[in-house]
Amino acid sequence: MKPRILLGEADVPGGGHLKLYERDGAFSIMLGASELMNSRLSGSEQALATLAWDKMPKGAWPKLLIGGLGMGFTLRAALAVMPADAEIVVAELVPEVVEWARGPMAELFAGSLDDPRVTVIVADVGELIEAQQKRWDGILLDVDNGPEGLSRAGNDWLYRRPGLIAIRQALRAGGVLAVWSSAPDGPFTNRLKRSNFAVEEKVVRANGDRGGARQVIWLAVPEWK
């Protein structure tokens, strides 16, 4: 087996420490001993975009907010299905992750960062959610391993009632919240329902049609009362 090569390191503001590795053409991003993502396992990250798009309103100028750039699989899947007039904003908290996307992982991103529909902002996605009400047709969250702050305790806010209320207010009528997780989380499902979301849980495979670990995507649409 070829040796693993360390390509970069980055501190997560208010959280842990990331390392980017490459081995035999595959990239991985580690948080301590935990692998957050691997370039050979992209199916569920792609499904986060496609499942959300299936439920999003199909009017003119759809606006999508993606929390977490990662390895770009969700972004590329969104670009593949969304129209030419779409606006896609990606919020990435760690500036080095954006640098890796334009540097050692540029081939993986395949020019998606230069698509005119895309804007990448180095910021906490929670700040963008709170900044404007009734702006987004879709909000996609893949900022951690699920509805718990593994990489950064500050992420917990997004998955608690105050964050969910802010998300409801940030979505346009008919808009959808989609959340990726490495595992089920019953309490989070209940919090969504108590926050007046109609909820679907989709089990997806880490490597898409080729199988892999079972992961979860929540699709939540506000019920306006």
Side-chain angles (χ1 to χ4, degrees), residues 44-70 74-75 77-83 85-93 117-119 121 123-149 152-204 215-225:
S44 61
E45 286 85 356
Q46 294 170 6
L48 179 64
T50 56
L51 291 172
W53 173 245
D54 286 344
K55 291 191 72 70
M56 282 171 57
K58 299 302 189 290
W61 305 98
K63 299 181 185 299
L64 178 68
L65 174 62
I66 300 175
L69 178 60
T74 299
L75 173 61
L79 288 170
V81 296
M82 296 188 72
D85 63 353
E87 176 187 347
I88 303 175
V89 175
V90 183
E92 173 52 56
L93 184 67
R117 293 171 287 179
V118 175
T119 302
I121 300 175
D124 185 335
V125 68
E127 295 175 0
L128 298 187
I129 288 170
E130 289 189 290
Q132 289 183 297
Q133 295 188 7
K134 304 294 185 289
R135 171 168 173 76
W136 306 104
D137 298 296
I139 296 175
L140 279 53
L141 297 181
D142 186 6
V143 296
D144 223 312
N145 259 17
E148 298 293 339
R152 177 175 176 264
N155 290 341
D156 283 342
W157 175 85
L158 287 168
Y159 308 110
R160 300 296 184 261
R161 187 168 176 80
L164 295 176
I165 291 172
I167 289 168
R168 287 181 72 247
Q169 294 171 338
L171 288 169
R172 292 175 171 177
V176 60
L177 165 67
V179 179
W180 182 95
S181 178
S182 62
D185 189 319
F188 177 61
T189 302
N190 291 333
R191 285 197 298 275
L192 282 168
K193 292 177 179 178
R194 290 197 302 270
S195 300
N196 294 326
F197 284 91
V199 183
E200 292 182 63
E201 290 183 58
K202 300 285 189 179
V203 176
V204 294
Q215 295 162 341
V216 177
I217 292 172
W218 286 270
L219 300 171
V221 176
E223 296 180 307
W224 303 105
K225 297 181 179 179

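We use all heavy atoms of the structure for the numbers below, so side chains are in, but hydrogens, waters and symmetry mates are not.
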Under the rule for side chain to side chain donor-acceptor pair (under 3.5 Å), what residues qualify as partners of [X], not counting sequence neighbours?
X: Q133; answer: none
X: R135; answer: E87, Q132
X: E201; answer: T189
X: D137; answer: R172

Measure across [X] and [Y] and return the closest heavy-atom pair with its distance rounded to 0.1 Å.
X: A166; Y: E130; answer: CB-CG, 4.3 Å
X: A183; Y: V216; answer: C-CG2, 3.9 Å
X: S44; Y: V204; answer: CB-CG2, 3.5 Å
X: E92; Y: G70; answer: OE1-N, 3.9 Å
X: V143; Y: G67; answer: CG1-O, 3.3 Å
X: P222; Y: G175; answer: CD-O, 3.3 Å

Check step by step if side-chain contact (heavy atoms from CB on, under 4.5 Å) holds for T119 and I88.
CA-CA 6 Å; T119 302; I88 303 175; over 6 Å; no

F188: what forms a ring-ring contact (aromatic ring centres under 6.0 Å, His included) with it, not counting sequence neighbours?
Y159, W218

Would a 4.5 Å heavy-atom cut-off, applied to side chains only, mark [X] and [Y] as touching?
X: R161; Y: R191; value: no
X: L219; Y: L51; value: yes
X: M56; Y: L64; value: yes
X: K134; Y: L171; value: no
X: L158; Y: V125; value: yes

Measure the [atom1]-[atom2] distance between [X] and [Y] for me, rounded to the nearest 0.5 Å.
X: N190; Y: D185; atom1: CG; atom2: CG; value: 9.0 Å
X: L140; Y: I66; atom1: CG; atom2: CD1; value: 5.5 Å
X: I167; Y: L177; atom1: CD1; atom2: CG; value: 5.0 Å
X: L75; Y: D142; atom1: CG; atom2: CG; value: 12.0 Å
X: W136; Y: L65; atom1: CH2; atom2: CG; value: 4.5 Å
X: R168; Y: I139; atom1: CZ; atom2: CD1; value: 12.0 Å

Could I get the full list of side chain to side chain contact (heavy atoms under 4.5 Å, CB included) partners for A123, not counting sequence neighbours?
I121, E127

Results of side chain to side chain contact (heavy atoms under 4.5 Å, CB included) for A86 - residues two or more places apart only:
P62, M82, P83, R117

Can you run down the side-chain hydrogen bond (donor to acceptor under 3.5 Å, both in side chains) pairs that involve residues 50-62, sequence neighbours left out, and say none if there aren't any?
K55-E200

Do any pairs count as a salt bridge (Lys or Arg N to Asp or Glu O under 4.0 Å) and have a residue in residues 174-183, sequence neighbours left out, and if so which ones?
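Residue pairs passing salt bridge (Lys or Arg N to Asp or Glu O under 4.0 Å), neighbours aside: none found.
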
Please test F197 against V221 for side-chain contact (heavy atoms from CB on, under 4.5 Å), starting from the C-alpha separation and ending with a verdict.
CA-CA 5 Å; F197 284 91; V221 176; 5.7 Å; no

Closer than 3.5 angstrom, by distance alone: can the side chain of T74 be matched with the main-chain N or O of E45 as a donor-acceptor pair?
yes

